[in-house]
Engineer: 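Please see the structure below; I have some questions.
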2 protein chains.
Amino acid sequence: MRKIAAEVGVQAGALYNYTPDKQSLLFGLMQNHMQDLLALHEENARNDDPMAQLEAFTRFHIRFNLERADAVFISYMELRNLTPANFAAIEELRGRYEDRLEAILHQGIAAGVFEVPDPKIATLAVIAMLTGIGTWYRPQGRLTLQQVEAIYWDMVRKSVAR
Amino acid sequence: MRKIAAEVGVQAGALYNYTPDKQSLLFGLMQNHMQDLLALHEENARNDDPMAQLEAFTRFHIRFNLERADAVFISYMELRNLTPANFAAIEELRGRYEDRLEAILHQGIAAGVFEVPDPKIATLAVIAMLTGIGTWYRPQGRLTLQQVEAIYWDMVRKSVAR
DNA sequence: GTCTATATTCTGATAGAC
DNA sequence: GTCTATCAGAATATAGAC
């Protein structure tokens, strides 16, 4: 709290005009983050064929996670510091996001363009692979965002291909 | 330190007969973990064709990470609490492990059995995908370890396929 | 080698003046 | 709404008895 206050330019006590306690502040950050993720993904989603939907999901997830690397980092590292009730609420939002990718995979299987033995697991595998970019990507690094997107889309596409 | 002492069954002060400070204790745990990873992987590795090597790596990484879920969790979550020098030492070990997968990919590309636009990135992508299993896998869950290995090997194989 | 006791620092949170 | 001052508890680490 003292570090946050210093960053904002006030004393620690002043923060309590804006949040009842530290837990609420953390939960609010994480809830906003997940709600932004769901809302922005909804805007971004198209009702194309499954392959186009999967590509859109992949590129959206990469961009969203890299543009908000700090929030993603906190949302992952501070999960264990949420109360059980708050943890459950965040997990519910995370589950909703995962369900959207899983739905795309089911559509692709039904259409005969994907071959996925376990869509739930494939969903988690793809998201883990893409989210992992945040641990090494740097804007001034060797690869542009466009190149990163292209490389990962190639791997995602092939990993669920027939 | 108090929690560790309680778990062991001594008072907090007694721990300082075994470690000079908390940082050294954490670093020792993480260093041992990474050295075990490298040593066990070396035992496990075969000098087969690239496809067999990649399958062995995939299955080894899954098993190692699930059998030591606690150590993996700590090694990831506590990275930010290492001093810069200790952090660099752990990253060096991690890099050596990644290099082994990258070498397999390079062999497969040279042999014409893999098609990977960027072997370094593919290495990170595969490891992130596999390590992510630790966030959801439970021994009493829906899938056996054998089934998990099969599903992920299918995805890894396809993601780097020609 | 472990204990009790304690020094020191840090933390989240509150009280009351302005 | 922010400040100063402070409380209460927790943390790492040390000292000295046994």
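Remember, predicted model here, so these are calculated numbers, not experimental data. By convention in this document, chain letters (A, B, ...) are assigned in the order of the sequence lines, proteins followed by strands, and residues within each chain are numbered from 1. Quick note: numbers below take in every heavy atom, side chains included, and nothing from hydrogens, waters or symmetry partners.
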Engineer: Is Lys3(B) salt-bridged to Glu7(B), cutoff N-O under 4.0 Å?
Structural biologist: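 Between Glu7(B) and Lys3(B) there is no salt bridge, as every charged N stays at least 4.0 Å from the carboxylate O atoms.
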Engineer: With nearest nucleotides of DNA chain D determined for Asn17(A) and Arg2(A) from heavy-atom distances, which residue corresponds to the more 5′ nucleotide?
Structural biologist: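 Nearer the 5' end of the strand: Asn17(A).
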Engineer: Given atom OH of Tyr16(A) and atom P of dC7(D), what is their separation to the nearest angstrom?
Structural biologist: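 To the nearest whole Å, that distance equals 17 Å.
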Engineer: If you assign each of Ala12(A) and Pro20(B) to its closest nucleotide in DNA chain D, which residue comes earlier from the 5' end?
Structural biologist: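 It is Ala12(A) whose nearest nucleotide is closer to the 5' end.
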Engineer: Counting heavy atoms from C-beta on, name the nucleotide in dC3(C), dC3(D), dT14(D) closest to the side chain of Ala14(B).
Structural biologist: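 The closest nucleotide is dC3(C).
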Engineer: Would you mind reading off the distance between Leu15(B) atom CG and dA11(D) atom P, rounded to a whole angstrom?
Structural biologist: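 It works out to 13 Å between those atoms.
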Engineer: Gln11(A) has a side chain; which of dT4(C), dA13(C), dC3(D) sits nearest to it?
Structural biologist: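 Comparing dT4(C), dA13(C), dC3(D) against the side chain of Gln11(A), the answer is dC3(D).
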Engineer: Identify whether the distance between the nearest side-chain nitrogen and carboxylate oxygen of Glu78(B) and Arg80(A) falls below 4.0 Å.
Structural biologist: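 Yes.
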Engineer: Give a yes or no on whether a salt bridge exists between Glu98(A) and Arg94(A), defined as a side-chain N under 4.0 angstrom from a carboxylate O.
Structural biologist: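 Not counted as a salt bridge, because no side-chain N and carboxylate O are separated by less than 4.0 Å.
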Engineer: Rounded to whole Å, how long is the line connecting atom CD1 of Ile4(B) with atom C1' of dA13(D)?
Structural biologist: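 Answer to the nearest Å: 14 Å.
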Engineer: Does a side-chain N or O from Tyr18(B) land closer than 4.0 Å to OP1 or OP2 of dT2(C), or not?
Structural biologist: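 Affirmative; the distance criterion is met.
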Engineer: Once the angle between the rings of His33(B) and Phe64(B) is folded into 0 to 90°, is it parallel (under 30°), tilted (30 to 60°) or perpendicular (over 60°)?
Structural biologist: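 Aromatic pair His33(B)/Phe64(B) classed tilted.
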Engineer: If you check every side-chain atom of Lys22(B), which of dA13(D), dT2(C), dT4(C) has the closest atom?
Structural biologist: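 Selected nucleotide (nearest to the side chain): dA13(D).
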